[in-house]
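Quick notes on the structure that follows.
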Number of protein chains: 2
Amino acid sequence: MATTMSEPIARTSLHDQVVDRLRDMIVEGELDPDTRINEKALCERFGISRTPLREALKVLASEGLVELMPNRGATVASFTSEDLDETFPIIGALEALSGEIACEQITDTEIAEIRALHYQMVLHYQKGELHEYFQINQTIHEKILAATHNGTLTNIYNSLSGRVSPARFRANMSKPRWAEAVEEHENILKALEARDGQTLSRLLKTHLANKRESVREALFSEDGAAV
Amino acid sequence: MATTMSEPIARTSLHDQVVDRLRDMIVEGELDPDTRINEKALCERFGISRTPLREALKVLASEGLVELMPNRGATVASFTSEDLDETFPIIGALEALSGEIACEQITDTEIAEIRALHYQMVLHYQKGELHEYFQINQTIHEKILAATHNGTLTNIYNSLSGRVSPARFRANMSKPRWAEAVEEHENILKALEARDGQTLSRLLKTHLANKRESVREALFSEDGAAV
DNA sequence: TAGGCACATATTGAATTCAAAATAATGTGG
DNA sequence: CCACATTATTTTGAATTCAATATGTGCCTA
């Protein structure tokens with residue numbers, strides 16, 4: 001079965017490169033949601049014709065990152081409070097599953113890696129370095145995912161969390177929530193070390209539920225506008 | 001956020017129609033896995049040019065239904081025993097989640113619908129009508145999913161289960177497994193009526209785990225070949 | 001006859017072209 | 001001056017074209 005997103009296999013085809021590049025641009029916030037994507041401009045920028053660009057847009061639309069309006073072009077999909085409520089439970093369920101599987105499969109070395117990352121992350125927390133914290137945080141979740149050796153799971157997870165990750169979402173986090181998150185991670189590490197799949201699964205699920213509220217606050221609190 | 005697969009919205013664009021039509025052909029087993037898809041032939045059959053067909057192929061590749069080899073064309077993705085082990089736990093987790101959410105949201109009417117379907121399905125079981133049984137079985141799972149009112153969940157679920165559903169997979173089921181499945185469904189209905197999300201979630205998960213073995217047997221037992 | 005080698009054919013990937021639709025600009029009447 | 005219709009321009013969707021790559025065929029040689 002073709003797994004399209006994760007493996008770093010030969011990327012000879014222009015089309016694949018464009019998909020990746022466009023996805024990056026969206027995630028990095030270079031393209032604003034709800035404003036029409038100018039095909040011609042993008043083509044010139046990429047130095048390609050419209051054919052591969054349009055193919056890429058259609059793939060990204062099927063991933064949910066792009067919205068296509070017939071005869072009226074494409075836009076970066078906006079992310080609403082409703083989308084938050086639809087996606088996070090799913091992400092939570094997938095993380096819970098990954099925790100369960102990981103506990104059965106993970107090696108001591110892999111755990112050691114995650115442990116090292118964890119304490120590095122705690123350090124960033126103590127220094128108040130939010131960006132670096134997020135960076136390592138994401139890496140830890142990716143490591144757990146990788147320990148499942150389930151490429152399909154990884155792909156689906158990445159695709160879903162990609163909808164949430166545009167740069168504007170890595171904004172900020174309240175002090176008490178941050179402390180709580182670190183504590184949750186403390187417990188996640190313990191469960192992983194004990195290879196207690198049930199507990200890890202439960203922890204990850206509530207971790208995600210809390211994160212959802214944290215993201216909601218960061219996104220939809222003051223201005224109320226869907227970004 | 002764009003949800004591409006479920007809503008029955010206006011399908012004006014040729015590209016979307018082709019995606020649906022091709023997906024149907026794959027699921028119905030009209031195209032054999034691992035044999036090259038002839039673009040020209042398909043174009044003539046559909047009465048279209050290669051551009052929209054190739055766009056569709058790329059979308060289906062990102063869904064995992066089609067495999068693209070650079071400069072060597074596309075094939076329907078084959079489904080191996082490993083794919084089975086990768087997909088079913090995910091489908092199980094998604095069904096478990098859908099059960100949980102459904103219990104919180106489902107109306108009495110919706111439960112009544114499912115109950116009616118359930119007993120219709122039991123009847124088909126007693127008559128030994130496998131095909132009709134599968135049909136209603138799938139409808140029941142779809143109804144539970146629909147009760148979540150989570151379009152994203154529905155899309156991901158459909159996309160995943162689409163990889164398993166090609167016609168050849170609806171082959172057969174052993175007598176004892178069939179009896180077991182019906183009993184599981186009996187309990188699923190009970191949990192739903194009691195709106196016991198925890199139990200329903202657990203039941204669905206094991207239901208899927210059992211189904212995985214049933215499918216494996218049907219697929220990879222005698223000839224051993226990956227279809 | 002089997003194993004390459006050169007050439008012809010077919011298929012793919014991507015650019016270009018063209019018609020249809022939407023958007024912007026212009027002009028006209030109230 | 002604004003509302004609306006009409007015309008130009010742009011943008012989209014899809015077919016066509018063209019170069020690059022892969023596949024197939026016949027021929028030659030050992």
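We use all heavy atoms of the structure for the numbers below, so side chains are in, but hydrogens, waters and symmetry mates are not. Every value quoted in this text rests on a predicted model; they were computed, and no experiment measured them.
- Shown here are the side chain to side chain contact (heavy atoms under 4.5 Å, CB included) partners of B:Q105, two or more places apart in sequence or in another chain: B:I101, B:H149.
- Among residues at least two apart or in separate chains, salt bridge (Lys or Arg N to Asp or Glu O under 4.0 Å) pairs with a member in residues 87-105 of chain A are A:E100-B:K205.
- Distance B:M69 CE to D:dT23 C1': 13 Å, rounded to the nearest Å.
- A side-chain donor-acceptor contact under 3.5 Å links B:T80 and B:D83.
- We find that CG of A:L68 is positioned 8 Å from P of D:dG13, with the value rounded to whole Å.
- Looking at residues two or more places apart in sequence or on another chain, you find no salt bridge (Lys or Arg N to Asp or Glu O under 4.0 Å) involving A:D24.
- Residue A:N38 contributes atom CG, which lies 12 Å from atom P of D:dT10 at whole-angstrom precision.
- At whole-Å resolution of the value, CD in B:E55 and P in C:dG13 are 14 Å apart.
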Measure all distances between protein nitrogen or oxygen atoms and nitrogen or oxygen atoms of nucleotides 15-17 of chain D, and list the pairs falling under 3.5 Å.
unit_1: D:dA15; atom_1: OP2; unit_2: B:S49; atom_2: N; d: 2.8
unit_1: D:dA15; atom_1: OP2; unit_2: B:S49; atom_2: OG; d: 2.3
unit_1: D:dA15; atom_1: O5'; unit_2: B:S49; atom_2: OG; d: 3.3
unit_1: D:dA15; atom_1: N7; unit_2: B:T51; atom_2: OG1; d: 2.8
unit_1: D:dT16; atom_1: O4; unit_2: B:T51; atom_2: OG1; d: 3.4

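- Rounded to a whole Å, the NZ atom of B:K58 is 9 Å from the C1' atom of C:dA14.
- Looking at residues two or more places apart in sequence or on another chain, you find a salt bridge (Lys or Arg N to Asp or Glu O under 4.0 Å) between A:E55 and B:K58.
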Short N/O separations, protein against nucleotides 19-25 of chain C, under 3.5 angstrom:
unit_1: C:dT23; atom_1: OP2; unit_2: A:R72; atom_2: NH2; d: 3.3

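- We find that CD of B:Q17 is positioned 12 Å from C1' of D:dG13, with the value rounded to whole Å.
- For A:H185, the ring-ring contact (aromatic ring centres under 6.0 Å, His included) partners are A:H141, A:H207, not counting sequence neighbours.
- At whole-Å resolution of the value, CD1 in A:I37 and C1' in D:dT10 are 17 Å apart.
- Although no hydrogens or angles enter the test, the distance criterion places a donor-acceptor pair under 3.5 Å between the side chain of A:T139 and the main chain of A:Q135.
- Listed by chain and residue number, A:E180, A:E184 satisfy the salt bridge (Lys or Arg N to Asp or Glu O under 4.0 Å) test with A:R177 (two or more places apart in sequence, or in another chain).
- For the helix from C:dT1-D:dA30 to C:dG30-D:dC1, the terminal axes (five pairs an end, C1' atoms, rotation from four pairs onto the next four) enclose an angle of 0°, given to 10 degrees.
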Donor-acceptor contacts under 3.5 Å from residues 39-48 of chain B side chains, at least two apart:
unit_1: B:E39; atom_1: OE1; unit_2: B:R50; atom_2: NE; d: 2.8
unit_1: B:E39; atom_1: OE1; unit_2: B:R50; atom_2: NH2; d: 3.3
unit_1: B:E39; atom_1: OE2; unit_2: B:R54; atom_2: NH1; d: 3.0
unit_1: B:R45; atom_1: NH2; unit_2: B:E30; atom_2: OE1; d: 3.0

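- When the salt bridge (Lys or Arg N to Asp or Glu O under 4.0 Å) test is applied to B:R216, the partners found at least two apart in sequence or on another chain are B:D85, B:E213.
- In this structure, CZ of B:R54 is placed 13 Å from P of C:dT11, rounded to the nearest angstrom.
- Partners of A:Y133 under the ring-ring contact (aromatic ring centres under 6.0 Å, His included) rule, at least two apart in sequence or in another chain, are A:W178.
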